[in-house]
Amino acid sequence: MEPMEWPLKSSALGKVSWRFQSAFILGLVGLSSKMYLGWFNSVRKYNYDILEKNAEERPDGVPLVTVCNHTSCLDDPCLWGLMKIRTVLNTRKKVRWTLVARELLFSTPFRCAFFSRAKAIPVVRGDGVHQKGMEVALERLNQGEWIHIFPEGAINMNDAIKRLKWGVGRLIAEAQVTPIVVPFWHEGKLLLLPRMDDVLPNQSPYIPRIMQRVTVLIGEPMEFTDTVEEYRKARKTAMEARKQITDQIQERFKELKEETRLLHSKWR
């Protein structure tokens, strides 16, 4: 079956209906994630105030981009369940948009309807940085909204960090206002199964686990103003800007991974 397209909200009535349905789905999933991860598992979060401050209090018109490692189908939405209830329920302004695999989450009419209202934007792996889903994400950033990206481009069950995709570099470089970029990393048990994979295994049977330990470390916002300015003044090509931004995020991921693992190893 051909993957479904991201549905468009055409009429005024359609927009109102869309917003109501989206608020219901996001609120329900957000609260469920908050209860599941907070009540049935143990979580230690570090510097979470950085994420909450930028999600809630950044200036109007300034977009937010968050990036993190991707080890389980449950990374999103569970990690957002750690935020304050007022943020989880403010679905119109303060809940992220996220890029997802079109062939998986938009493959049926039901999935298309559900995940689009959960503020998911479909992208096709291998179709490059200028595909339709990336244009939609850039439009969201230009309206000052929050986009979350798993820049490895797929679930990564290996220890090594995959080469990050350049799409994240394009979004940051070409947004009308340079986004605030907040990186973070999460880890689970260092023995047996790592990171959020402890909570939802990546192999069948896909049964969420309880009584697992998860450590989340939020990094300081990254600064890309100089790189973006050089690109806008034509001192860098688009490819050079995308590569430089992506490379910086890749290096920060390596640092956060080691810092998070050290924090997690001290959890007794």
Side-chain angles (χ1 to χ4, degrees), residues 26 30 33-34 37-38 41-72 74-99 119 137 140-141 143-152 161 164 168-169 171-173 175 177-188 195-196 199 213-228 245-267:
L26 286 167
S33 298
K34 193 170 187 66
L37 202 55
N41 297 279
S42 298
V43 182
R44 284 187 177 177
K45 53 186 182 180
Y46 296 87
N47 302 336
Y48 226 76
D49 58 307
I50 294 174
L51 179 58
E52 291 180 328
K53 179 180 179 181
N54 285 289
E56 296 181 7
E57 301 174 14
R58 68 185 185 279
D60 289 342
V62 176
L64 172 64
V65 171
T66 53
V67 289
C68 79
N69 56 317
H70 193 19
T71 60
S72 165
L74 212 59
D75 291 350
D76 188 309
C78 267
L79 290 170
W80 312 124
L82 298 176
M83 302 185 76
K84 295 176 182 177
I85 291 179
R86 70 167 182 260
T87 304
V88 171
L89 294 180
N90 193 336
T91 56
R92 186 173 177 185
K93 293 290 185 180
K94 297 178 180 177
V95 175
R96 92 292 171 265
W97 292 84
T98 189
L99 303 181
K119 299 180 78 170
R140 297 294 98 198
L141 288 178
Q143 294 184 17
E145 299 193 49
W146 170 11
I147 295 285
H148 178 70
I149 303 172
F150 296 107
E152 291 174 291
I161 301 172
L164 304 188
V168 63
L171 293 179
I172 294 168
V177 176
T178 303
I180 298 168
V181 181
V182 177
F184 62 96
W185 195 269
H186 53 84
E187 285 284 341
R195 298 171 290 274
M196 285 287 287
V199 178
R213 293 179 174 181
V214 179
T215 300
V216 183
L217 174 62
I218 308 298
E220 292 290 336
M222 300 182 69
E223 180 58 57
F224 293 106
T225 302
D226 291 344
T227 303
V228 173
I245 291 170
T246 307
D247 286 349
Q248 286 182 242
I249 294 173
Q250 181 110 28
E251 290 304 309
R252 187 65 182 117
F253 265 15
K254 293 177 183 177
E255 297 169 354
L256 285 171
K257 176 182 177 181
E258 295 306 314
E259 294 171 24
T260 309
R261 287 195 164 185
L262 179 59
L263 289 169
H264 193 75
S265 69
K266 296 178 179 178
W267 193 347

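Values below: all heavy atoms of this structure, side chains included; hydrogens, waters and symmetry mates excluded.
No side-chain heavy atom of Val168 sits less than 4.5 Å from a side-chain heavy atom of Ile245. Between Asp75 and His186, the closest side-chain pair of non-hydrogen atoms falls below 4.5 Å. Counting heavy atoms from C-beta outward, Lys266 and Arg44 have side chains that stay 4.5 Å or more apart. Considering only heavy atoms from C-beta on, Leu171 stays 4.5 Å or farther from Val65 through its side chain. Proximity of Lys257 to Ile161: side-chain heavy atoms (C-beta onward) are separated by under 4.5 Å at one or more points. Looking at Thr227 and Gln248, their side chains come closer than 4.5 Å, going by heavy atoms from C-beta outward.
With sequence neighbours left out, Thr87 forms a side chain to side chain donor-acceptor pair (under 3.5 Å) with Glu56. The side-chain contact (heavy atoms from CB on, under 4.5 Å) search around Ile50 returns Asn47, Asn54, Val182, Ile218, Glu220, Pro221, not counting sequence neighbours. Residues that satisfy the ring pair (Phe, Tyr, Trp, His ring centres under 6.0 Å) test with His148, not counting sequence neighbours, are Trp80, Phe150, Phe184. With sequence neighbours left out, the ring pair (Phe, Tyr, Trp, His ring centres under 6.0 Å) criterion links Tyr48 to no other residue. Not a single side chain to side chain donor-acceptor pair (under 3.5 Å) links Lys84 to another residue, sequence neighbours left out. With sequence neighbours excluded, the residues satisfying side-chain contact (heavy atoms from CB on, under 4.5 Å) with Pro63 are Leu141, Val177, Pro179. Considering only residues two or more places apart in sequence or on other chains, Glu255 meets the side-chain contact (heavy atoms from CB on, under 4.5 Å) condition with Arg252, Glu259. Under the salt bridge (Lys or Arg N to Asp or Glu O under 4.0 Å) criterion, Lys53 pairs with no residue at all, not counting sequence neighbours. With sequence neighbours left out, Thr215 forms a side chain to side chain donor-acceptor pair (under 3.5 Å) with His264. For the side-chain contact (heavy atoms from CB on, under 4.5 Å) test, residues two or more places apart in sequence or in another chain that qualify with Asp247 are Arg163, Lys243. Glu152 is linked by a side chain to side chain donor-acceptor pair (under 3.5 Å) to Asn156, counting only residues two or more places apart in sequence or in another chain.
Under a cut-off of 6.0 angstrom, the local environment of CG in Leu262 is crowded, with over 12 non-hydrogen atoms contributed by other residues, nucleotides or ligands. Under a cut-off of 6.0 angstrom, the local environment of CG in Asp49 is crowded, with over 12 non-hydrogen atoms contributed by other residues, nucleotides or ligands.
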With side chain to side chain contact (heavy atoms under 4.5 Å, CB included) as the criterion, how do Lys45 and Leu51 come out once you've worked through the C-alpha distance, each side chain's angles and the decisive distance to 0.1 Å? CA-CA 11 Å; Lys45 53 186 182 180; Leu51 179 58; over 6 Å; no

Apply the test side chain to side chain contact (heavy atoms under 4.5 Å, CB included) to residues Val214 and Asn41: give CA-CA distance (whole Å), side-chain angles for both, the deciding distance (0.1 Å), then the verdict. CA-CA 8 Å; Val214 179; Asn41 297 279; 5.5 Å; no

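When all heavy atoms of Ser33 and Cys78 are compared, the pair lying nearest together is CB-CA, 3.8 Å. Summarising the geometry of Phe224 relative to Ile249, their closest heavy-atom pair is CZ-CG1, 3.9 Å, with the distance given to 0.1 Å. Nearest heavy-atom pair, Met83 versus Ala55, reported as atom, atom and distance to 0.1 Å: CE-CB, 3.8 Å. When all heavy atoms of Val95 and Trp146 are compared, the pair lying nearest together is C-CE3, 4.0 Å.
Here the CG atom belonging to Leu256 is positioned 8.0 Å from the CH2 atom belonging to Trp185, to the nearest 0.5 angstrom. Atom CZ of residue Arg96 and atom CG of residue Asp76 lie 4.0 Å apart, to the nearest 0.5 angstrom. The distance from atom CD1 of Ile149 to atom OG1 of Thr66, rounded to the nearest 0.5 Å, is 8.0 Å. Distance check, rounded to the nearest 0.5 Å: OG1 of Thr246 to CD of Glu251 gives 12.0 Å.
Residue pairs meeting the salt bridge (Lys or Arg N to Asp or Glu O under 4.0 Å) criterion with at least one member in residues 59-70, sequence neighbours excluded, do not occur.
The backbone N or O of Arg261 sits nowhere less than 3.5 Å from a side-chain atom of Glu187 that would complete a donor-acceptor pair. Panel note: side chain Lys119, backbone Thr98; no donor-acceptor pair is recorded below 3.5 Å.
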